[in-house]
Amino acid sequence: GTNLIAGKTAEEAENTIISSSNKDNAILTDGEYADSGSCTSGKGLYYQKVHGETTWTTQTLIYDLGALKTIEGVRMQLFAKWGVWVPPEVRVYVSDNKTDWDLAKTVVPEGVGIDTTILTTRSDFGAIGRYVKFEFDFRTESGSNMIGISELEVIGGDTFTVSGDIAYTA
């Protein structure tokens with residue numbers, strides 16, 4: 001399949017705080033993966049857990065695929081360094097209306113808790129939807145105030161049309 005969110009920006013939760021110098025989440029779908037020779041801050045974003053008096057438990061990012069699509073899985077590059085952590089769990093939801101969400105996959109990245117790491121995870125599943133929501137958990141330990149996300153892909157293919165309860169490939 002192809003990357004259905006290449007070059008797209010995500011809808012972030014209201015009051016999201018990004019601690020990177022770059023605040024544009026289009027960097028998450030630009031196709032540029034970090035490696036040990038590149039600075040992760042130039043390839044991804046640091047999402048902040050503490051919002052004044054409120055501590056968030058999750059960070060959400062929602063992508064509009066533009067039409068119903070077959071979804072074969074996701075690929076994520078997550079990272080940890082200097083107080084930025086890999087999310088301990090990521091849930092991927094799919095919807096055709098952005099109101100009713102179905103849990104498509106729960107991903108527990110390998111390498112959670114390592115101080116410095118760049119981690120790429122591919123997780124396969126089957127779904128049909130127009131919207132894809134990533135829900136990233138923050139670590140609960142004190143001092144774990146940020147999560148690092150470098151690149152996201154939604155792998156899929158065909159566009160669908162729906163008539164009643166039946167989906168047809170376009």
Side-chain angles (χ1 to χ4, degrees), residues 1-18 20 23-31 44-79 85-110 112 119-140 144-170:
T2 58
N3 181 6
L4 301 175
I5 61 172
K8 292 184 180 283
T9 57
E11 177 184 319
E12 295 171 331
E14 191 176 349
N15 300 320
T16 288
I17 299 174
I18 298 172
S20 318
K23 309 278 192 247
D24 183 357
N25 71 37
I27 196 173
L28 302 180
T29 59
D30 64 2
L45 298 176
Y46 309 149
Y47 282 92
Q48 202 41 277
K49 174 171 78 173
V50 178
H51 296 72
E53 298 297 313
T54 308
T55 299
W56 286 14
T57 56
T58 61
Q59 174 69 51
T60 58
L61 298 172
I62 298 173
Y63 289 92
D64 182 351
L65 306 181
L68 285 177
K69 301 278 188 178
T70 57
I71 300 166
E72 301 162 9
V74 295
R75 186 173 176 211
M76 300 175 280
Q77 187 180 58
L78 310 166
F79 63 88
W85 297 93
V86 169
E89 187 172 287
V90 182
R91 286 166 302 285
V92 182
Y93 296 88
V94 201
S95 175
D96 58 3
N97 59 14
K98 212 165 91 168
T99 302
D100 302 313
W101 294 95
D102 293 317
L103 178 62
K105 188 74 173 183
T106 300
V107 181
V108 178
E110 293 178 25
V112 169
L119 174 68
T120 303
T121 300
R122 167 81 189 248
S123 184
D124 295 323
F125 57 88
I128 298 174
R130 174 176 173 170
Y131 301 94
V132 177
K133 176 169 63 174
F134 290 87
E135 189 175 77
F136 302 91
D137 282 352
F138 285 102
R139 285 170 49 114
T140 56
S144 301
N145 290 333
M146 291 180 276
I147 54 172
I149 306 169
S150 176
E151 195 70 22
L152 299 173
E153 294 183 20
V154 174
I155 310 301
D158 295 332
T159 299
F160 277 79
T161 56
V162 176
S163 176
D165 290 332
I166 302 172
Y168 300 91
T169 56

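As the structure is a prediction and not an experimental result, all values here were calculated from the model.
- Within the 4.5 Å cutoff, side-chain heavy atoms of Ile71 are placed close to those of Val154.
- Evaluation of the salt bridge (charged side-chain N to carboxylate O under 4.0 Å, His left out) test over residues 1-17, restricted to residues two or more places apart or in two chains, returns Glu11-Lys98.
- Partners of Asp64 according to the salt bridge (Lys or Arg N to Asp or Glu O under 4.0 Å) rule, which considers only residues two or more places apart in sequence or in another chain, are Arg130.
- When side chains are defined from C-beta on, Asp24 does not count as touching Ile27, because their heavy atoms never get closer than 4.5 Å.
- For Phe136, the ring pair (Phe, Tyr, Trp, His ring centres under 6.0 Å) partners at least two apart in sequence or on another chain are Phe134.
- Between Leu152 and Tyr63 there is a side-chain heavy-atom pair separated by less than 4.5 Å.
- Applying the ring pair (Phe, Tyr, Trp, His ring centres under 6.0 Å) criterion to Trp56, with sequence neighbours excluded, gives His51.
- Every residue two or more places apart in sequence or in another chain was checked for a side-chain contact (heavy atoms from CB on, under 4.5 Å) with Asp102, and none qualifies.
- Residues meeting the side chain to side chain donor-acceptor pair (under 3.5 Å) test with Asn97, sequence neighbours left out: Ser95, Asp100.
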For a side chain to side chain contact (heavy atoms under 4.5 Å, CB included) check, start with the C-alpha distance between Ile149 and Leu45, then their side-chain angles and the critical distance, and finish with the verdict. CA-CA 6 Å; Ile149 306 169; Leu45 298 176; 5.6 Å; no
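- Taking the salt bridge (Lys or Arg N to Asp or Glu O under 4.0 Å) definition, one finds that Lys23 meets it with nothing, sequence neighbours left out.
- Residues satisfying the side chain to side chain donor-acceptor pair (under 3.5 Å) criterion with Arg91, sequence neighbours excluded, are Glu89, Glu135, Asp137.
- Residues Ile5 and Val132 have side chains not in contact (no heavy-atom distance under 4.5 Å, counting atoms from C-beta outward).
- Annotation: side-chain contact (heavy atoms from CB on, under 4.5 Å) contacts of Thr2 (sequence neighbours excluded): Leu4.
- Tyr47 places a side-chain heavy atom less than 4.5 Å from the side chain of Ile18.
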Report the C-alpha separation of Leu28 and Leu61 in whole Å, then their side-chain angles, then the decisive distance to 0.1 Å, and conclude whether the side chain to side chain contact (heavy atoms under 4.5 Å, CB included) test is met. CA-CA 10 Å; Leu28 302 180; Leu61 298 172; 3.7 Å; yes
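- In this structure, Val92 and Phe125 have side chains that are in contact, with non-hydrogen atoms separated by less than 4.5 Å.
- Residues Leu119 and Phe79 form no side-chain contact, since every pair of their non-hydrogen atoms from C-beta on lies 4.5 Å or further apart.
- Considering only residues two or more places apart in sequence or on other chains, Thr16 meets the side chain to side chain donor-acceptor pair (under 3.5 Å) condition with Gln59.
- Among residues two or more places apart in sequence or in another chain, the side-chain contact (heavy atoms from CB on, under 4.5 Å) test is passed with Ser123 by Val74, Lys105, Val107.
- Between the side chain of Thr70 and the backbone N or O of Gly157 there is at least one donor-acceptor pair closer than 3.5 Å.
- The side-chain contact (heavy atoms from CB on, under 4.5 Å) search around Arg75 returns Tyr33, Thr120, Arg122, Glu153, not counting sequence neighbours.
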